[in-house]
Amino acid sequence: IGELQTNGQKSAEFGEKLASHGAKYQESLVNSMKGLIENGISNMNYVKETTAKSIDEVTKTMESAQARTAAAASQN
């Protein structure tokens, strides 16, 4: 009976450790996923801002070129 009690106690301790490690693993996984999502959103915002700046620069360049073309045409 003593041996069964010892084995039962060891099994219970193992179960508690397993549950504890499982909870830590789950928490770690959740934090990792949260970090990946935040990083992805940050990257998308960067691309959005960079694209908007590039479009603005292209628009200004085209407007400047059109103004120069119009000025040259009016001088002729």
Side-chain angles (χ1 to χ4, degrees):
I1 293 180
E3 188 177 331
L4 288 175
Q5 288 177 337
T6 303
N7 286 341
Q9 183 179 358
K10 287 181 181 178
S11 294
E13 289 172 0
F14 176 74
E16 288 175 7
K17 286 181 183 178
L18 187 61
S20 174
H21 287 290
K24 289 177 184 176
Y25 175 76
Q26 183 179 10
E27 182 181 349
S28 177
L29 182 62
V30 167
N31 287 334
S32 295
M33 292 300 292
K34 180 181 174 187
L36 287 172
I37 291 170
E38 288 174 351
N39 191 19
I41 290 170
S42 175
N43 287 344
M44 284 189 274
N45 285 333
Y46 174 77
V47 169
K48 176 184 162 190
E49 291 171 9
T50 303
T51 302
K53 287 178 185 177
S54 295
I55 290 172
D56 288 344
E57 290 174 7
V58 168
T59 301
K60 288 177 186 176
T61 301
M62 291 179 70
E63 288 172 351
S64 176
Q66 287 175 343
R68 285 193 305 269
T69 303
S74 67
Q75 290 178 356
N76 291 334

Response to the item:
Sorted by chain and residue number, the side chain to side chain contact (heavy atoms under 4.5 Å, CB included) partners of Thr51 (sequence neighbours excluded) come out as Val47, Ile55

Discussion item. Checking the side chain of Thr69 only, and the main-chain atoms of Ala65 only, is there a donor and an acceptor separated by less than 3.5 Å?
Written reply: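 Confirmed, Thr69 side chain pairs with Ala65 backbone.
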
Worksheet item: Any sub-3.5 Å donor-acceptor pair from Ser11's side-chain atoms to Asn7's backbone N or O?
Response: yes

Discussion item. Tell me which one of Lys60, Arg68, Gln66 satisfies side-chain hydrogen bond (donor to acceptor under 3.5 Å, both in side chains) with Ser64.
Written reply: Arg68

Worksheet item: Would you say Ile37 and Met44 are hydrophobically clustered, going by side-chain heavy atoms of ILVMFWY under 4.5 Å?
Response: yes

Atom pairs and distances, donor-acceptor, side-chain atoms in residues 13-34, under 3.5 Å, two or more places apart:
| residue | atom | partner | partner atom | Å |
| --- | --- | --- | --- | --- |
| Glu13 | OE2 | Gln9 | NE2 | 3.4 |
| Asn31 | ND2 | Glu27 | O | 3.4 |
| Ser32 | OG | Ser28 | O | 3.0 |

